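So the structure is just underneath, and the comments pick up after that.
Quantities reported herein were computed from a predicted structural model and do not represent experimental measurements. Convention: sequence-line order gives letters A, B, ...; per-chain numbering from 1.
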There are 2 protein chains.
Amino acid sequence: MRAKKEDRRINRTRKLILEALMSLIIERGYENVTVQDIIDRADVGRSTFYAHFRDKDELLISWFEHLRTLFEQQQQELLDARKTGKEPGLNIVLDLFRHTGNHHRLYKAVAGRQSGEMILKYLHRYLTGLLLPILEDAVKKRPSLPIPVEVTTHHLVSSLLSLMTWWLDRNMPYPPEKMEGMFRTLVRPSLEAALGKDIVQDAGITEDGGLKNEEVVGFYSLFADPSCCR
Amino acid sequence: MRAKKEDRRINRTRKLILEALMSLIIERGYENVTVQDIIDRADVGRSTFYAHFRDKDELLISWFEHLRTLFEQQQQELLDARKTGKEPGLNIVLDLFRHTGNHHRLYKAVAGRQSGEMILKYLHRYLTGLLLPILEDAVKKRPSLPIPVEVTTHHLVSSLLSLMTWWLDRNMPYPPEKMEGMFRTLVRPSLEAALGKDIVQDAGITEDGGLKNEEVVGFYSLFADPSCCR
DNA sequence: ATTTAAGCGAACAGTGTGTTCGTTATGAAG
DNA sequence: CTTCATAACGAACACACTGTTCGCTTAAAT
C-alpha cells in the first residue's frame, strides 16, 4: 500500500535485476554469476545497479527476504483460516515443504546445489535461534540428558535443511506431504532418543507432526523476524 | 621412499605454500584468501606458485588429499594391530572423530565454518558413494520401505558431517568418544525406523557401533579412492 | 666443476569491482 | 503541457586479483 509513493522506474529496475539474478543462478550457480552478467542481462547501467544494491550478496539477501515475505503471507492465510473455526492444525515443516515446492524455481536457485552457502547458513542460524529456546524450555526440568540440547537442535535443523536441499536438487521427486512424512520418520525417533519420549510429547509435537498451541506461536514466528544477517 | 628422487626445493616450496594456506584459512576463511596472500606469506614467487598448483582450489584439494593420506595411515595401523590378534573392533565413525581431533587445526580450516563448501561437498559425495551400495545391498530383499534408501543415505551422511563441523567450529567441547556416542544415539533410531530393526542388525552395525567383517572392508576404503573431484 | 632445473620477479593482458560525475530521459505533480 | 525532481545512463577511473610468459639467478644433484 505504501508502495504507491515509489517511482515506477525503481520497481521496474529492481525487478529486472532480481529476475536476471534468478535466471543466471539457475544457469550457472551463484558463485559463477558476476555483477557484469547481471547488469548485462537486466540491461541496466552499472551505476544503476550499485544505486540499488551494495553488492551481489546484498542482492541475494534482498531477494531471499522477498521469499520470506511470501512465506509469511501464506502462513498468515493459514492462521486466518484457522480462526474461522476450521482448526487445520498448523504443521510448519509441511508448510515449509509446500511453500518451497510452490516456488521451487526460486528456491532451487537460492538453496539448491548451485547456491552460495550464505543463504543456507542464514537459514540454519535462524531456525536454530528459534528452535533452541523451545527445546531448552522443554528440557528445563530434566537435569541430565544423553545429548546436550545444543547438539540435538543442530542435528534437527541440519536434517531439515539437508532434506530440503536434497529434494530441490533432485527436482522434487516426491510430494511435500511425503517429504514431511520422511522427515518425521527420520527425526522423531532421534528426538525421543535424545530428549526422552515424554518430553517430546510434552513439547507439543504430536504424533501426526502437528503442534500444540503455545509452540505454534513460537514456530509461527519462523521467518518473521526482520533483522538481517551479515 | 620414491620421494628420494624429488628435488629438495620442491618439497620445501610445497610445504611453505600449504602452511601459508592453512594459517590464512584459519585467520580469515578460505573465501577471503587470495593467491596473492598465499605467495606473500609463503614468500615464494608468483610463477612458482603456478608451477605447483593450477589455482587456489587445486591447492586446497591437494592439501585435503594429504589429510586423507594421514587418515589412511592411521587406519592401516589399526588394521595391523587387529591382525596381531588384539581384535579391537574397528569403528570408523569413532576413528574419524579421533583422527579429526588429532589434526583439528588442519580440519578446522578445511571443514569448519570458514571453509569453502567445496571440501564438504567432496566428502559428502564420497561418503554417499560408499554408504549407498552397502545400504542398497542390505535392503535388497525387502520390497518396500517407508523411506527410499537414497534419502536415508543422504540423511546419514549429512548428519555425520553436520555433527563433525559443529564439533570443530566449537573447538571440540567433547571428546571423540562422546561425539561418536551422540552420533550413534541420534542416528541409530532413525536408521531402524527407516530400514527396520532387523536390517540394521543384519547390515553389521552392532549395538556398540562396531562393524562386522564384510562391512569393515567397505568402510575401510573410506578416503582410499585416489580419484579426484571437480 | 658441470649440468640441470627450481625458483625468481617483473611485466602482461584480462577480468571484475565499486565509485564518480556530467548528461539524458522519464515519471510525478501542477 | 510544462516544470521539476530524480532515476537511469555510460564512460571513465583506480584498484585488486588472476594466470601466463620469459630471461635471469641460484641451489641441488652428479
Check your understanding: So, A:His155 versus B:Ser162: side-chain donor-acceptor pair below 3.5 Å or not?
Key -> no
Study note, to complete from the structure: Closest of C:dG18, D:dC9, D:dA7 to the A:Ile10 side chain is D:dA7
Review point. Across the strands shown, which category fits A:Asp37 at heavy-atom distances under 4.0 angstrom: base, sugar-phosphate, nothing?
Key: nothing
Exercise for review: Applying side-chain contact (heavy atoms from CB on, under 4.5 Å), run through B:His99 and B:Tyr107 and close with a yes or a no.
Suggested key: CA-CA 10 Å; B:His99 170 77; B:Tyr107 278 100; 3.0 Å; yes
Practice item. Run the salt-bridge test on A:Glu6 and A:Arg14 with the 4.0 Å N-O cut-off and return the result as yes or no. Key: no
**Study point:** Contact under 4.0 Å: A:Thr13 side-chain N or O vs D:dA8 OP1/OP2
**Key:** yes
Check your understanding: Which one, C:dG18, C:dG27, D:dA8, comes nearest to the side chain of A:Thr48?
Key -> D:dA8
Revision key, fill the gap. Taking for B:Arg46 and for B:Arg12 the nucleotide of DNA chain C with the nearest heavy atom, the one nearer the 5' end belongs to B:Arg12
Practice item. Please state how far atom CG in A:Asn32 lies from atom P in D:dT18, giving the value in whole angstrom units. Key: 16 Å
**Study point:** N/O donor-acceptor pair, side chain B:Ser47 with base C:dG9, under 3.5 angstrom
**Key:** yes
Atom pairs, protein N/O to nucleotides 24-26 of chain C N/O, distance under 3.5 Å:
from   : atom 1 : to     : atom 2 : distance (Å)
C:dT26 : O2     : A:Arg9 : NH1    : 2.9
C:dT26 : O2     : A:Arg9 : NH2    : 3.4

Exercise for review: Rounded off to whole Å, could you give me the OH-to-C1' distance for the A:Tyr50 and D:dC13 pair?
Suggested key: 14 Å
